[in-house]
Engineer: 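Submitted below is the structure of interest, expressed as structure tokens.
As the structure is a computational prediction, the values presented were derived from the model and not from experiment. Just so you know, ligand 1 is whichever comes first in the structure, and atom 1 is the first atom listed for that ligand. The residues of the chain are indexed from 1 along the displayed sequence.
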Amino acid sequence: MKALCWTGVNKTSVETVEDPKILNDHDIILKVRLSTTCGSDLHLLGGYIPSMRAGDVLGHEFMGEVVEVGKGVRNHKVGDRVTVCSFIACGKCWYCSQKMYSLCDNGNPNPGLSEGMWGSAIGGCFAYSHMLGGFAGSHAEYVRVPYADQGAFAVPDGVSDLAALFASDASPTGWTGADGAGITPGDTVAVWGAGGVGQMAARGAMLMGAEQVIVIDRLPERLAQVRQHIGADTLDYTEDSIVAELKERTGGRGPDVVIEAVGMEAHGTGPAYLYDQVKQQLRLQSDRPTALREAIYACRKGGSLFILGVFGGFVDKFPLGAMMNKGMTVRGAQQHGHRYIPQILQHIADGELSTEHLATHIMPLDQGPHGYEMFKNKQDGCVRAVFQLDR
Ligand SMILES: NC(=O)c1ccc[n+]([C@@H]2O[C@H](COP(=O)([O-])OP(=O)(O)OC[C@H]3O[C@@H](n4cnc5c(N)ncnc54)[C@H](O)[C@@H]3O)[C@@H](O)[C@H]2O)c1
Ligand SMILES: [Zn+2]
Ligand SMILES: [Zn+2]
């Protein structure tokens, strides 16, 4: 079959690879209909996530049609239309029973590498390096979905393929942040990053009762999407002083909840940003925490921070003093999508959540390398490049 592979730092190509097979009774094989780029892929492309191998099939945000089911699968049959959580979880271990699905003890068949880096292994994820399991991704005609009863979700009639696509990764990631930050009705929430993840975190926060939601970025087309499709306010960090502006809008206190949806390749302004960029490129620090620092400074005393942006290792000049003295609660996670995908699909069906607008560029898989170029460089207003496999 055809698949889009990682072939080296900043290199991808469409290759012919072996078709996936059922390896375990709980697997299904999915004929992929739509698969999309995610900000997390950019960290793979940039070479910031270790343990990628040339030839690895990319893609972890996808939906499609079930074409084969393992003997132990109960919830799915051939012909079903499903969206699949990007993280792979067994549904039975202690972490899954606590609904912390991305921390599943059984989802990652290759735990040694992340145990060494982080002290414990986390769960598995499609196409997210050998450290997170070495699973083949969804930028392909077919993909094997392990633990399919847990990770694949039937798409309700009336929800389009395109809308359901983003219930795989971007939306449940946003929900993980908004819910995990402990939003209470009436809160002011500030979200750094207006990509798919930041937009979904903002919408999740609104549906969970936040009164004022403000999204921060520099790309005007993304900020326009936030105003039009999400219904949140926006700030441009190249024009406004973010900390001062957020205080101004919150009676001098700062937001109750701050959500970081930018990650290790944050942009910024001024000498501190240049210093971070040089250090990261010389591999003297693994991550650039520009937005993270700002979120900590902006947060009100006693407020909470949720880190959704992916970080791999160590950061420089982390404002530990501000965090500790202001009495902040800090959390972060890879998405616990199994917990949120059913309600997200329902919100889409009920017309309360718009996701299709994220698909700014739809193209056949053959144009995958071009799609990644556009997405990486944010060309032509690209928010997500979507690969269409069924034609
Ligand atoms: N936790 C999870 O499970 C999970 C899942 C998916 C994605 N992610 C991560 O979330 C992050 C965002 O993903 P995405 O798909 O939206 O990516 P994206 O690249 O489409 O969007 C990132 C946005 O951040 C903006 N940005 C850069 N520097 C900024 C700054 N200093 N302040 C404010 N905005 C800034 C960029 O302009 C861009 O619009 C990535 O790090 C990705 O790896 C995490
Ligand atoms: Zn992702
Ligand atoms: Zn588990």
Side-chain angles (χ1 to χ4, degrees), residues 36-44 46 48-49 59-62 85-108 122-128 137 147 150-151 166 168-177 180 190-201 215-223 225-226 234-238 242 259-269 272-273 276 287-295 298 306-312 332-338 358 360 375-378 382-385:
T36 183
T37 60
C38 166
S40 296
D41 294 324
L42 299 180
H43 313 321
L44 300 176
Y48 297 114
I49 305 281
H60 61 261
E61 184 164 21
F62 60 103
C85 183
S86 59
F87 263 78
I88 295 167
C90 76
K92 304 231 161 38
C93 71
W94 186 83
Y95 287 100
C96 285
S97 74
Q98 305 293 308
K99 299 191 165 53
M100 295 188 282
Y101 295 98
S102 67
L103 307 179
C104 174
D105 267 338
N106 298 316
N108 181 354
I122 66 161
C125 181
F126 291 95
Y128 216 69
Y147 299 116
Q150 274 74 34
F166 301 105
S168 158
D169 187 70
S171 312
T173 301
W175 257 245
T176 300
V191 180
W192 276 255
V197 171
Q199 292 196 29
M200 292 299 114
V215 180
I216 300 141
D217 205 303
R218 73 178 186 291
L219 300 170
E221 63 279 7
R222 292 182 175 216
L223 295 173
Q225 281 198 336
V226 169
T234 59
L235 287 173
D236 177 341
Y237 68 81
T238 61
I242 299 301
I259 298 178
E260 203 277 6
V262 176
M264 61 164 83
E265 294 175 78
H267 289 251
T269 50
Y273 169 61
D276 279 328
D287 307 89
R288 279 197 318 252
T290 321
L292 183 65
R293 289 189 196 116
E294 193 166 71
F306 203 99
I307 305 168
L308 286 175
V310 165
F311 289 86
Q334 298 281 5
Q335 64 137 332
H336 300 308
H338 301 63
L358 299 176
T360 49
F375 176 59
K376 180 179 165 72
N377 299 317
K378 316 301 190 226
C382 185
V383 177
R384 283 275 196 273

Engineer: Is any N or O atom of Gly198, backbone or side chain, closer than 3.5 Å to an N or O atom of ligand 1?
Structural biologist: no
Engineer: Determine, for Phe375 and Lys378, whether the Lys NZ or Arg CZ falls below 6.0 Å from the six-membered ring centre while staying within 45 degrees of the axis.
Structural biologist: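 So Lys378 does make the cation-pi contact.
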Engineer: Check whether any heavy atom of Gln199 sits under 4.0 Å from an atom of ligand 1.
Structural biologist: no
Engineer: Please state the angle at the Zn ion (ligand 3) spanned by SG of Cys90 and SG of Cys96: what is it, rounded to 10 degrees?
Structural biologist: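 Value, to the nearest 10 degrees: 120°.
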Engineer: Taking a cutoff of less than 4.0 Å between a non-hydrogen atom of the residue and any ligand atom, is Cys38 in contact with ligand 1?
Structural biologist: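 In this structure, Cys38 qualifies as a contact of ligand 1 - some heavy atom is under 4.0 Å.
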Engineer: Find all atoms of ligand 1 within a distance of less than 4.0 Å from any non-hydrogen atom belonging to Arg384, and give their numbers and elements.
Structural biologist: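 Result: 14 (P), 15 (O).
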Engineer: N/O of Val383 under 3.5 Å from N/O of ligand 1, yes or no?
Structural biologist: no
Engineer: Go through ligand 1 atom by atom and flag the ones less than 4.0 Å from a non-hydrogen atom of Gln334.
Structural biologist: 1 (N), 2 (C), 3 (O), 4 (C)
Engineer: Under 3.5 Å between some N or O of ligand 1 and some N or O of Ala333?
Structural biologist: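 Yes, at least one N or O pair falls under 3.5 Å.
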Engineer: Any idea which of Val215, Ile242, Asp169 brings a heavy atom closest to atom 6 (C) of ligand 1?
Structural biologist: Asp169
Engineer: Would Val310 count as being in polar contact with ligand 1, using the rule that some N or O on each side must be under 3.5 angstrom apart?
Structural biologist: yes
Engineer: Enumerate the atoms of ligand 1 whose separation from the nearest heavy atom of Lys378 is less than 4.0 angstrom.
Structural biologist: 18 (P), 19 (O), 20 (O)
Engineer: Please compare Ile307, Thr173, Leu219 and report which has the shortest non-hydrogen distance to atom 5 (C) of ligand 1.
Structural biologist: Thr173
Engineer: Look at Glu61 and state whether any of its N, O or S atoms is less than 2.8 Å from the Zn ion (ligand 2).
Structural biologist: no
Engineer: Counting only heavy atoms, which portion of Ser102 has something under 4.0 Å from ligand 1: side chain, backbone, both, or neither?
Structural biologist: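 The answer is neither.
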Engineer: Which atom pair, heavy atoms only, marks the closest approach of Ala170 to Met200?
Structural biologist: O-CB, 3.5 Å
Engineer: Using a 4.0 Å cut-off to any heavy atom of Ala261, which atoms of ligand 1 qualify?
Structural biologist: 11 (C), 12 (C)
Engineer: Would you check if the side chain of Gln334 reaches a backbone N or O of Gly124 as a donor-acceptor pair within less than 3.5 Å?
Structural biologist: no
Engineer: Using a strict 4.0 Å cut-off to heavy atoms of Trp192, name the atoms of ligand 1 that fall inside it.
Structural biologist: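 That gives atoms 32 (N), 33 (C) of ligand 1.
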Engineer: List the atom of Ile242, the atom of Leu235, and the distance in Å for their closest heavy-atom pair.
Structural biologist: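 Between these two residues, the closest heavy atoms are CD1-CB, 3.9 Å.
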Engineer: Please could you name the atoms of ligand 1 that Leu308 approaches to less than 4.0 Å, counting only its heavy atoms?
Structural biologist: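 Reading through ligand 1 atom by atom, the close ones are 1 (N), 2 (C), 4 (C), 8 (N), 9 (C), 10 (O), 44 (C).
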Engineer: Return yes or no for this condition: an N or O of Ala266 is under 3.5 Å from an N or O of ligand 1.
Structural biologist: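 No: no nitrogen or oxygen of Ala266 is under 3.5 Å from one in ligand 1.
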Engineer: Quick check on contacts: which atoms of ligand 1 are under 4.0 angstrom from a heavy atom of Arg222?
Structural biologist: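 Contacts of ligand 1 toward Arg222, numbered from 1: 18 (P), 20 (O), 21 (O), 38 (C), 39 (O).
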Engineer: For the residue pair Phe126 and Cys85, what are the closest heavy atoms and their distance?
Structural biologist: CE1-O, 3.5 Å
Engineer: Which of the listed options, Glu265, His267, Arg218, holds the heavy atom that is closest to atom 31 (N) of ligand 1?
Structural biologist: His267
Engineer: Check Tyr147, Trp175, Tyr101 against His338 for a ring-ring contact (aromatic ring centres under 6.0 Å, His included) and give me the one that passes.
Structural biologist: Tyr101
Engineer: Examine Thr290 against ligand 1 and note whether any of their N/O atoms are separated by less than 3.5 Å.
Structural biologist: no
Engineer: Which ligand 1 atoms are under 4.0 Å away from a heavy-atom of Gly193?
Structural biologist: 24 (O), 33 (C), 34 (N)
Engineer: N/O of His43 under 3.5 Å from N/O of ligand 1, yes or no?
Structural biologist: yes
Engineer: Taking heavy atoms and a distance under 4.0 Å, where does Thr176 meet ligand 1: side chain, backbone, both or neither?
Structural biologist: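 The answer is neither.
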Engineer: Hey, does Phe375 sit under 4.0 Å from ligand 1 if you only count heavy atoms?
Structural biologist: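 It does, in that a heavy atom of Phe375 comes within the 4.0 Å cut-off of ligand 1.
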Engineer: Going by distance only, is there an N or O of Glu294 that falls short of 3.5 Å from an N or O of ligand 1?
Structural biologist: no
Engineer: Decide yes or no for Gln199 and Val215: does some side-chain heavy atom of the first lie under 4.5 Å from some side-chain heavy atom of the second?
Structural biologist: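 Counting from C-beta outward, Gln199 and Val215 never come under 4.5 Å.
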Engineer: I'd like the name of whichever of Tyr128, Tyr237, Tyr48 reaches closest to atom 29 (C) of ligand 1 through any heavy atom.
Structural biologist: Tyr237
Engineer: Measure from atom 39 (O) of ligand 1 to every heavy atom in Asp217, Leu235, Thr37 and give the option owning the shortest one.
Structural biologist: Asp217
Engineer: Report, rounded to 10°, the angle at the Zn ion (ligand 2) between the two atoms NE2 (His60) and OD2 (Asp169).
Structural biologist: 110°
Engineer: Can you find an N or O of Gly39 that's nearer than 3.5 Å to an N or O of ligand 1?
Structural biologist: yes
